[in-house]
Novice: 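There's a structure below that I have some questions on.
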Amino acid sequence: MPRFAANLSLLYNDVDFLDRFAAAAADGFLGVEFLFPYAWPAEQLAGLLKAHGLQQVLFNAPPGDWEAGERGLACRPGREAEFRAGFERALGYARVLACPRIHVMAGLLPAGETRDSVRATYVANLKVAAALAAEAGVDVLIEPINERDMPGFFLNRQDQAHALVAEIGAPNVKVQMDLYHCQIVEGDLAMKIRQYLPTGRVGHFQIAGVPERHEPDIGEIHHPYLFRLLDTLGWDGWIGCEYRPARGSAPHATSDGLGWLRPWLD
Ligand SMILES: O=C(O)[C@@H](O)C(=O)CO
Ligand SMILES: [Mg+2]
């Protein structure tokens with residue numbers, strides 16, 4: 001049976017961030033993920049996880065200046081020291097939160113650069129992150145993201161991600177297979193899962209309805225088929241619920257829209 005984690009950056013966003021842990025636990029989630037924890041002390045977040053019986057399953061390394069539009073530093077030549085310092089900060093949080101994986105966002109292509117011209121920078125940065133993470137027993141995840149949501153993002157396709165994982169050559173670097181992005185960029189989700197899951201190089205899944213990124217039962221993907229497929233293929237990791245709730249009304253919009261999840265929680 002798939003295990004579902006609530007993405008606390010997108011779900012329960014009609015309550016304060018620190019109240020989302022309790023809300024997720026009350027809805028039956030056993031795991032949570034979020035984008036960035038850095039506005040709060042790690043110990044405070046660890047206390048909330050413990051109080052509500054939750055596991056932290058994923059969060060992101062610092063992405064550079066998010067407010068200024070940056071979406072990761074890994075592919076940015078000249079930012080290597082900042083990338084490393086940010087990743088070390090993330091590892092500190094991972095230790096306190098007992099979180100076994102960190103997502104490293106690739107970043108936007110700098111003006112005048114191409115995917116080929118920044119590839120060596122990206123690979124070198126990921127090798128550094130992988131070595132640091134290995135000492136802490138943590139996996140480093142890389143996520144292909146669609147360019148409608150993030151124009152100019154370096155990493156967009158599953159085949160590109162798996163080729164990079166092979167080139168980086170570290171056992172703790174894996175792909176974060178977000179089926180929402182995968183559907184928008186490539187489609188053919190079931191066949192992609194069948195192709196990549198047996199490689200052992202998929203470290204996490206995420207889901208949302210396509211194209212609006214609302215609940216998984218809104219839109220063009222039939223998720224129950226994919227959940228059964230993941231079960232059949234023996235996936236025992238997590239599926240992050242990373243969508244913007246569209247049903248119900250505040251302060252219960254997320255809970256009101258969880259009808260799709262209930263059959264899978266038993
Ligand atoms: O899919 C996404 O957008 C996220 O998983 C992420 O980490 C970057 O926003
Ligand atoms: Mg995602």
Side-chain angles (χ1 to χ4, degrees), residues 2-13 17 20 31-39 56-76 83 86-87 89-90 93-94 97 99-109 122 125-126 129 133 138-158 160-161 164 173-186 189 192-193 196 202-216 219 221 223 226 230 235 237-245:
R3 290 187 291 166
F4 294 90
N7 186 302
L8 300 185
S9 300
L10 274 74
L11 300 187
Y12 304 104
N13 59 9
F17 180 75
R20 297 178 195 176
V32 295
E33 58 177 45
F34 40 66
L35 297 185
F36 309 113
Y38 309 104
Q56 185 73 38
V57 308
L58 175 80
F59 66 91
N60 290 9
D65 188 344
W66 185 269
E67 300 305 324
E70 292 189 327
R71 293 293 181 268
L73 299 176
C75 80
R76 311 278 303 196
F83 172 82
F87 191 76
R89 188 171 186 213
Y93 271 79
L97 301 178
C99 182
R101 51 193 79 77
I102 296 173
H103 169 210
V104 168
M105 293 185 74
L108 308 181
L109 281 174
Y122 181 83
N125 277 328
L126 264 295
V138 166
D139 281 351
V140 179
L141 301 192
I142 66 172
E143 179 188 42
I145 291 182
N146 83 79
E147 284 200 90
R148 185 163 64 221
D149 288 2
M150 284 189 199
F153 197 73
F154 168 76
L155 184 59
N156 315 120
R157 298 183 56 86
Q158 306 303 310
Q160 183 194 5
L164 284 163
V173 177
K174 296 178 182 164
V175 177
Q176 180 169 319
M177 191 170 189
D178 186 326
L179 298 176
Y180 162 80
H181 296 300
C182 188
Q183 169 70 0
I184 292 170
V185 177
E186 313 175 44
L189 295 179
K192 294 263 155 38
I193 292 169
Y196 290 117
V202 177
H204 188 64
F205 284 92
Q206 289 175 322
I207 54 165
V210 174
E212 291 90 357
R213 210 172 201 182
H214 292 324
E215 280 83 350
I221 305 176
H223 282 93
L226 299 177
L230 288 172
W235 173 249
W238 291 89
I239 300 175
C241 303
E242 191 182 38
Y243 61 83
R244 291 185 290 269

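Counting starts at 1 for both ligands and their atoms, following the listed order. All heavy atoms count here, side chains included; hydrogens, waters and symmetry mates do not.
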Novice: Nearest to atom 6 (C) of ligand 1, what protein heavy atom do you find, and at what distance?
Specialist: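 Checking every protein heavy atom, the shortest distance to atom 6 (C) of ligand 1 gives Glu143 OE1, 3.3 Å.
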Novice: List every atom of ligand 1 that sits less than 4.0 Å from any heavy atom of His103, numbering the atoms from 1 in the order shown and giving each element.
Specialist: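 Selected atoms, number and element: 6 (C), 7 (O).
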Novice: Which heavy atom of the protein is the closest neighbour of atom 8 (C) of ligand 1, given with residue, atom name and distance?
Specialist: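 The protein heavy atom lying closest is Met105 CE, 3.4 Å.
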Novice: Can you label the angle between the Phe34 ring and the Phe17 ring as parallel, tilted or perpendicular, going by 30° and 60°?
Specialist: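 Perpendicular: the ring planes of Phe34 and Phe17 meet at over 60°.
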Novice: Using heavy atoms and a threshold below 4.0 Å, how should the contact between Asp149 and ligand 1 be classified: side chain, backbone, both, or neither?
Specialist: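 No part of Asp149 is near ligand 1 at this cut-off.
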Novice: What residue and heavy atom of the protein are closest to atom 7 (O) of ligand 1, and at what distance?
Specialist: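 Here the closest protein heavy atom is Asn60 ND2, 2.9 Å.
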Novice: Of the side chain and backbone of Glu33, name the one, both, or neither that has a heavy atom under 4.0 Å from an atom of ligand 1.
Specialist: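 None of Glu33 does.
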Novice: Can you tell me if His103 and Glu33 form a side-chain donor-acceptor pair at under 3.5 Å?
Specialist: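 Note: His103 and Glu33 side chains miss the donor-acceptor criterion.
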Novice: Measure the distance from atom 9 (O) of ligand 1 to every protein heavy atom, then report the residue, atom name and distance (to 0.1 Å) of the closest one.
Specialist: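 The answer is Met150 CE, 3.6 Å.
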Novice: Would you say the rings of Tyr38 and Tyr93 are close, in the sense that their centroids are separated by under 6.0 Å?
Specialist: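 Judged by ring-centre distance (under 6.0 Å), Tyr93 and Tyr38 do meet the cut-off.
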Novice: As a quick check of understanding, evaluate side chain to side chain contact (heavy atoms under 4.5 Å, CB included) for Asp178 and His204, giving each step before the final call.
Specialist: CA-CA 8 Å; Asp178 186 326; His204 188 64; over 6 Å; no
Novice: Is a salt bridge present between Glu212 and Arg244, judged by a nitrogen-to-oxygen distance below 4.0 Å?
Specialist: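 Result for this pair is no, no salt bridge flagged.
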Novice: To the nearest 10°, how many degrees is the angle Glu143 OE2 to the Mg ion (ligand 2) to Asp178 OD2?
Specialist: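 Output for this angle: 100°, rounded to tens.
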Novice: For residues Glu186 and Asn156, report the shortest heavy-atom separation together with the two atoms involved.
Specialist: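 Closest approach of Glu186 to Asn156, heavy atoms only: OE2-O, 4.2 Å.
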Novice: Students should be able to answer this: which protein heavy-atom is nearest to atom 1 (O) of ligand 1, and at what distance?
Specialist: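 Protein heavy atom at minimum distance: His181 NE2, 2.7 Å.
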Novice: Is the side chain of Arg89 donor-acceptor paired with the backbone N or O of Ala61 at a distance under 3.5 Å, no angle test?
Specialist: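 No, because the side chain of Arg89 does not come within donor-acceptor range (under 3.5 Å) of the backbone of Ala61.
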Novice: Could you list the atoms of ligand 1 found under 4.0 angstrom from a heavy atom of Gln176?
Specialist: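 Near Gln176, the atoms of ligand 1 are 5 (O).
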Novice: Can you tell me if His204 has a non-hydrogen atom under 4.0 Å from ligand 1?
Specialist: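 His204: no contact with ligand 1 (<4.0 Å).
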Novice: Please could you name the atoms of ligand 1 that Gln206 approaches to less than 4.0 Å, counting only its heavy atoms?
Specialist: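 Result: 5 (O).
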Novice: Quick check: does any side chain N or O of Asn125 sit under 3.5 Å from a backbone N or O of Ala74, one acting as donor and the other as acceptor?
Specialist: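 Side chain of Asn125 to backbone of Ala74, a donor-acceptor pair under 3.5 Å: yes, one is there.
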Novice: In Å and rounded to the nearest 0.5 Å, what is the NE2 to CD1 distance from His181 to Ile145?
Specialist: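 If I round to the nearest 0.5 Å, the distance is 4.5 Å.
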Novice: Does the shortest distance from the Mg ion (ligand 2) to an N/O/S atom of Asn7 fall below 2.8 Å?
Specialist: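 Coordinating: no.
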Novice: Quick one: which ligand 1 atoms are inside 4.0 Å of a heavy atom on Asp178?
Specialist: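 Within the 4.0 Å cut-off of Asp178, ligand 1 contributes 1 (O).
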Novice: Nearest N/O/S atom of Glu242 with respect to the Mg ion (ligand 2), by atom name, please.
Specialist: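 Among the N, O or S atoms of Glu242, the one closest to the Mg ion (ligand 2) is OE1.
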Novice: Identify the closest protein heavy atom to atom 4 (C) of ligand 1: which residue and atom is it, and at what distance?
Specialist: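 The protein heavy atom lying closest is Glu242 OE2, 2.8 Å.
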Novice: Is a side-chain donor or acceptor of Arg71 paired with a backbone partner of Pro63 at a separation under 3.5 angstrom?
Specialist: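 The answer is no, because no donor-acceptor pair under 3.5 Å joins these two groups.
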